[in-house]
Amino acid sequence: VAWLYRRVARGGEITEMISAAKFAFHAVLGALASATIATAWTGKWHWSFFGSWFVTVVMGMLIVTPLIMSVARAPAGDEWINPRRMLGALALMGVVLGATLLALSVEHFYLIFLPFAPMLLATYRLGSFGSAASVATVALVGSLAIAWRIGPFGALDADSTVLMYAYQFYLLMLLASSMPLAVLLKQHSAALDRLEESHGWLEMAEEAAKVGHWRINMMDESIFWSNE
């Protein structure tokens, strides 16, 4: 799955919805293969074991793989070693952690939506890394809360399999809320970069040809003149 992510991702981030769909599809296929092998190896031919293994593996792939690849393929330029940027990223993740601890340490289900806001903010500021890191943080804190039987999920009067499915579904909703946003933001950024590059080429062509252009906005009757 990491190899597939390298193929569909650019610079450590998936930049197209179709690539995100391909990655998710192959993660599901990988999890199915893993669950089938584990079931055959252990001889536990029943749905509870197969389903538990499959859901755990597919969620692990969807959460951990983008996080690892975002870090591994991050550029080594000044943008990523800038102390202000690093401190900002740490502060955002600290807010995500704080919201998660509050939401998953008390027995009130309405608080489980609390991590969504800081998670989306981290996604907006940090891209797919912010999305994956936020979901990974929630996954870690929630797993510990369930193991210690505290918080909204840990307090449920249900067996471990039901708790696992409920919490995995919650994580899936978090991922489905943030990862598409990261892809759309990356597409928007790429479009702006292409527009800026095209504008630069236009200015160079006008300067070389000693010609310019102008346009008028009919709505407010303002006029724009190029440098030439």
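- Counting heavy atoms from C-beta outward, Thr36 and Phe54 have side chains that stay 4.5 Å or more apart.
- Note that OG of Ser131 and CZ of Phe129 are 11.0 Å apart. Values are rounded to the nearest 0.5 Å.
- Met119 and Ser177 make their closest contact through CE-CB, 4.3 Å (heavy atoms, listed as atom of the first residue, atom of the second, distance).
- The shortest non-hydrogen separation linking Tyr165 to Ser48 is OH-O, 4.1 Å.
- Counting heavy-atom neighbours within 6.0 Å of Phe169 CZ, excluding the residue itself, gives a total of 12 or less.
- Between atom CG of residue Leu92 and atom CG of residue Leu87 there is a gap of 11.0 Å, rounded to the nearest 0.5 Å.
- Closest heavy-atom contact between Pro118 and Val95: CB-CG1, 3.7 Å.
- Between Val138 and Leu104 the shortest side-chain heavy-atom distance falls below 4.5 Å.
- Scanning all heavy atoms of the two residues, the minimum distance from Leu114 to Ala99 falls at CD2-O, 3.8 Å.
- Checking side-chain atoms of Ser134 against main-chain N and O of Gly130 turns up a donor-acceptor pair under 3.5 Å.
- Side-chain atoms of Arg149 and Leu163, non-hydrogen and from C-beta on, do get closer than 4.5 Å to each other.
- Here the straight-line distance linking atom CG of Leu102 with atom CG of Leu97 works out to 11.0 Å at 0.5 Å rounding.
- Under the 4.5 Å side-chain heavy-atom criterion for grouping Ile, Leu, Val, Met, Phe, Trp and Tyr, Met173 is connected to Met179 within one hydrophobic cluster.
- A side-chain donor-acceptor contact under 3.5 Å links Tyr167 to the backbone of Gly142.
- Classification of the Phe49-His46 ring pair by plane angle, with boundaries at 30° and 60°, yields perpendicular.
- Counting heavy atoms from C-beta outward, Leu175 and Leu171 have side chains that stay 4.5 Å or more apart.
- Enclosure of atom OH in Tyr124 is not indicated, since only 12 or fewer non-hydrogen atoms of other residues, nucleotides or ligands lie within 6.0 angstrom.
- Taking the six-membered ring for Trp and thresholds of 30 and 60 degrees, Phe116 and Tyr170 have ring planes more than 60 degrees apart, a perpendicular arrangement.
- Under a hydrophobic clustering in which Ile, Leu, Val, Met, Phe, Trp and Tyr are joined whenever their side-chain heavy atoms come within less than 4.5 Å, directly or via other members, Val55 and Trp47 fall into the same cluster.
- Hydrophobic clustering, with ILVMFWY side chains joined whenever heavy atoms are under 4.5 angstrom apart, groups Val141 together with Phe113.
- Residue Ser34 holds its OG atom at 5.5 Å from CH2 of Trp53, rounded to the nearest 0.5 Å.
- By the neighbour-count criterion of 12 heavy atoms within 6.0 Å, atom CZ of Phe109 is densely surrounded, having more than that number from other residues, nucleotides or ligands.
- One hydrophobic cluster, built from ILVMFWY side chains closer than 4.5 Å, cannot hold both Leu101 and Ile150; they sit in different ones.
- The two atoms that bring Leu185 and Thr123 nearest to each other are CD1-O, 3.8 Å, heavy atoms only.
- When all heavy atoms of Pro115 and Leu111 are compared, the closest pair comes out as CD-O, 3.9 Å.
- Going from atom CG of Leu62 over to atom CD of Gln168 covers 10.0 Å, rounded to the nearest 0.5 Å.
- With rounding to the nearest 0.5 Å, the separation of CE in Met93 from OG1 in Thr100 is 8.0 Å.
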